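This one's a predicted model, so the numbers in the text were calculated from it and none came from an experiment. Just so you know, these numbers use all the heavy atoms, side chains as well, and skip hydrogens, waters and symmetry mates. Ligands are counted one by one from 1 in listed order, and the atoms in each one are counted from 1 as well.
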Amino acid sequence: MGRVGLGVAVGCAVVTCAIAAALVGRRARSWWRWARVVGVVGQFEEDCATPVWKLRQVVDAMVVEMHAGLASDGGSKLKMLLTFVDTLPDGNEDGIYYALDLRGTSCRVLKVQLGGNGSKIINHKVEQQRIPEELVSSTSEELFDFIALTLKEFIEREENGQVPGSKKELGFTFSFPIRQLSVSSGVLIKWTKGFTIEDVVGKDVSQCLEEAMSKNGLHMQVAALVNDPVGTLAVGHYDDADTVAAVIIGYGTNACYVERSDAIIKYQGLLTDSGFMIVNMEWGNFWSSHLPRTCYDIALDDESPNRNDQGYEKMISGMYLGEIVRRVLHRIAEVSDIFGDSAHHLSVPFILRTPLMAAMHEDDSPDLREVGRILEESLQTSGLSLKAKMIVVRVCDMVTRRAARLAAAGIIGILKKIGRDGSGGVASGRTKGKPRRTVVAIERGLYTNYSMYRVYMNEAITDILGQEIAQNVVLRVSEDGAGIGAALLAAAYSSKR
Ligand code: BGC
């Protein structure tokens with residue numbers, strides 16, 4: 001080989017080595033980036049794990065907090081509020097009742113026709129109205145005018161242009177924490193679910209509604225003011241007498257149950273003819289060090305308008321699940337390039353809503369087409385790799401599984417408190433050696449529309465209770481129970497009865 005030949009050969013070797021080194025370098029960098037993704041996901045998985053022993057700790061913590069909340073006001077983060085509902089509708093209610101159901105993102109108006117004489121609900125009609133976003137931080141007057149007008153227009157349509165002349169009675173479902181003064185009145189303790197209308201806090205919300213109705217020419221009075229699970233429990237019990245508790249798993253979350261009056265220590269001397277009262281737990285505010293909290297939950301809480309409040313709700317309800325996923329994906333985008341140019345969209349809070357997250361989680365197409373479409377629409381991603389889409393689904397799964405399992409632990413906590421978890425033999429969930437049938441009414445979209453949530457929740461109930469006891473615990477979906485229940489309770493507590 002001549003000199004020239006040698007020079008060319010050496011040159012080629014150098015170029016080949018350089019290319020190989022560049023390729024190896026790129027490979028190594030991409031391997032490292034991928035390892036970091038795996039690290040973020042793995043750490044998250046570890047931090048939000050819910051093995052059965054941990055769920056049992058949550059069950060016990062719930063029971064302890066329930067006792068503390070029943071012993072004194074302020075004794076626990078669980079408020080355990082009195083509802084003054086000490087009789088449940090029995091089928092003898094009759095007539096037409098209207099109800100207004102103010103939720104987090106929407107408000108529903110209902111007309112319910114009751115047949116009396118032990119008959120069931122003959123008919124009901126529901127209309128839904130979205131709450132305009134600006135109302136969430138408006139004034140008391142604007143909010144109550146809006147809902148009073150929504151109700152008035154509905155009644156006018158139903159009554160062919162007429163509005164009730166004499167004072168007609170109404171059921172009012174108000175899905176925020178209220179300190180009840182009676183079955184028909186109560187003051188707002190604080191807002192949740194993003195509402196910040198300060199001038200309502202401390203006011204009697206029934207009075208606010210009645211004033212707004214009368215200002216708008218609608219002369220009705222609130223006969224029953226109920227928190228949403230209380231309405232759900234009323235209907236649940238009306239349909240199935242084994243119903244002892246009700247749970248809302250939606251944009252927000254809460255539970256209530258039937259408690260013996262003598263167990264409500266903080267209201268010693270509270271006597272009810274029935275010997276019981278429904279207690280509104282406000283369980284969204286439950287807190288325990290046993291809850292598996294991650295750095296994403298902490299950051300979400302820090303940046304929320306109600307920091308240190310609604311800790312359990314922030315882990316299990318629809319307002320927050322999509323946002324937790326968004327935070328984890330944002331971290332992944334920071335350590336890798338798997339989301340390409342769209343990474344900065346992931347820094348926008350609440351850009352990923354829970355219904356979208358559920359749709360991605362339940363995408364069963366082999367190439368995760370739905371995941372790709374949703375991310376393209378909400379985050380402007382394009383050409384995401386299958387690997388990246390799989391990571392998204394994995395994160396959705398972890399967030400939902402934790403949420404559903406924690407919600408299940410909360411339910412078992414209630415059952416344990418009232419002796420229906422089968423742990424104590426005859427007195428608890430068993431009659432003459434046989435487990436007792438126990439029904440828990442459940443309402444709202446996160447549970448009803450998200451099948452994986454339901455699957456994980458049922459699975460956790462069996463994990464905690466064991467097959468034999470779990471098969472006697474029925475989670476019964478109640479549609480529109482919160483509103484229909486308010487109408488039923490308005491009928492049951494009507495002054496005209
Ligand atoms: C409220 C509860 C309500 C629940 C479900 C929570 O944010 O504090 O009062 O029952 O949402 O709507």
Within 6.0 Å of CD in E362, more than 12 heavy atoms from elsewhere: yes

Minimum-distance pair of heavy atoms, taken over all atoms of A407 and Y453: CB-OH, 4.0 Å

SB check E303 R327 (cutoff 4.0 Å): yes

Distance-only donor-acceptor check, side chains Y320 and D301, under 3.5 Å: no

Cationic N near anionic O, under 4.0 Å, E45 to R394: yes

Under 4.0 Å from ligand 1 - residues by heavy atom, chain and number: S175, F176, P177, T192, K193, N227, D228, P229, I248, G252, T253, N254, E282, Q310, E313

Name of the residue among L321, I248, I316 meeting side chain to side chain contact (heavy atoms under 4.5 Å, CB included) with L446: L321

